[in-house]
Amino acid sequence: MSGKYVNNGQVGAMGDYASASNFTFGTQVNDSFKLTKNDLDTLNKLVENLAGYNGKEAKKSEIMNASIIIQELAESVEEDNINEQNKSISKWKSFINDATPAAIDVINVVSSGISMAEQVKTFLGL
């Protein structure tokens, strides 16, 4: 076994030969929780920060995909469209479950600079 492993957020598995399956982030929040227009500034700032990512730690395309999904979520909140919000939330959860560890790390770092309610962070799995 070798390597140094640093976890700055949530992780499903870590270390040599580690694996994880059948886990979801963000499920700690009551299923009835919905984002509101009060959360729009936070969502829009996250979209802006993700869209401006120029690092090399994760694939730009993966970070842009995260930005697009959060943008769709923000639009559904702004339009007060619960059906579209649920679709966007489902896309986000799938994204988080399939994202590379590097992308998750970048999203956590990018979101850490944004003032975000703990319930929203948990809801997004950050």
Side-chain angles (χ1 to χ4, degrees):
M1 303 294 171
S2 65
K4 178 182 175 187
Y5 305 97
V6 177
N7 176 23
N8 293 320
Q10 293 177 322
V11 65
M14 190 174 208
D16 292 339
Y17 311 109
S19 66
S21 62
N22 298 322
F23 63 91
T24 57
F25 294 118
T27 56
Q28 302 90 341
V29 176
N30 185 325
D31 287 338
S32 65
F33 174 77
K34 297 292 178 207
L35 295 164
T36 68
K37 291 186 180 186
N38 293 336
D39 302 312
L40 278 174
D41 286 342
T42 298
L43 294 174
N44 288 329
K45 185 66 175 168
L46 183 55
V47 167
E48 181 183 321
N49 288 2
L50 290 170
Y53 172 74
N54 287 317
K56 298 190 184 328
E57 299 84 5
K59 288 183 180 179
K60 177 79 171 174
S61 60
E62 196 170 16
I63 301 305
M64 289 304 297
N65 191 24
S67 177
I68 290 167
I69 295 168
I70 295 293
Q71 179 64 47
E72 290 173 356
L73 182 57
E75 289 170 0
S76 69
V77 170
E78 188 166 27
E79 295 164 1
D80 203 23
N81 187 330
I82 297 300
N83 188 40
E84 288 301 314
Q85 189 177 148
N86 288 335
K87 286 180 187 177
S88 297
I89 290 166
S90 179
K91 280 185 188 179
W92 179 253
K93 286 181 178 181
S94 291
F95 172 82
I96 290 293
N97 284 330
D98 297 336
T100 62
I104 299 294
D105 287 347
V106 166
I107 294 166
N108 276 313
V109 168
V110 166
S111 67
S112 68
I114 300 171
S115 177
M116 191 180 301
E118 282 303 314
Q119 194 170 21
V120 174
K121 282 184 183 181
T122 303
F123 184 71
L124 294 175
L126 302 175

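Remember, predicted model here, so these are calculated numbers, not experimental data. Residue numbers start at 1 and run along the sequence shown.
Here E78 does not pair with K37 in a salt bridge; the nearest charged N to carboxylate O distance is not below 4.0 Å.
For S90 (side chain) and N86 (main-chain N/O), no donor-acceptor pair under 3.5 Å exists by modelled atom type. Counting only distance, with no hydrogens or angles, the side chain of K60 and the backbone of A51 share a donor-acceptor pair below 3.5 Å. In terms of modelled atom types and a separation under 3.5 Å, the side chain of E62 and the main chain of T100 share a donor-acceptor contact.
Closest of all the heavy-atom pairs between S67 and L50 is CB-CB, 3.8 Å. The minimum heavy-atom distance linking S88 with I69 is given by the pair O-CG2, 3.8 Å.
The hydrophobic clustering, which links ILVMFWY residues whose side-chain heavy atoms are closer than 4.5 Å, places I68 and I104 apart. The cluster map of Ile, Leu, Val, Met, Phe, Trp and Tyr, joined by side-chain heavy atoms under 4.5 Å apart, puts L43 and I82 in different clusters. No single ILVMFWY cluster, assembled from side-chain heavy atoms under 4.5 Å apart, contains both M64 and V110.
By the ring pair (Phe, Tyr, Trp, His ring centres under 6.0 Å) test, F95 pairs with W92, sequence neighbours left out. Looking at residues two or more places apart in sequence or on another chain, you find a side-chain contact (heavy atoms from CB on, under 4.5 Å) between S61 and K59.
Side-chain contact check for S111 versus K121: every heavy-atom pair is 4.5 Å or farther apart.
Residue pairs satisfying the side chain to side chain donor-acceptor pair (under 3.5 Å) criterion with at least one member in residues 43-56, sequence neighbours excluded, are listed as follows: Y53-E57.
Atom CD1 of I89 sits about 7.0 Å away from atom OG of S76, to the nearest 0.5 Å. Separation of atoms CD (E84) and CD (E75) is listed at 10.0 Å; rounding is to 0.5 Å. With rounding to the nearest 0.5 angstrom, the CG atom of D80 is 9.5 Å from the OG1 atom of T36.
Applying the side-chain contact (heavy atoms from CB on, under 4.5 Å) test between T42 and each of I114, L124, V47 identifies I114 as the sole match.
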For side-chain contact (heavy atoms from CB on, under 4.5 Å), just list the numbers for E72 and K91, CA-CA rounded to whole Å, side-chain angles, deciding distance to a tenth of an Å, and then say yes or no.
CA-CA 10 Å; E72 290 173 356; K91 280 185 188 179; 2.9 Å; yes
Note to self: Under the criterion side-chain contact (heavy atoms from CB on, under 4.5 Å), I'd like the reasoning laid out for L35 against V120: C-alpha separation, chi angles, the key distance, then a yes or no.
What the structure shows: CA-CA 8 Å; L35 295 164; V120 174; 4.1 Å; yes
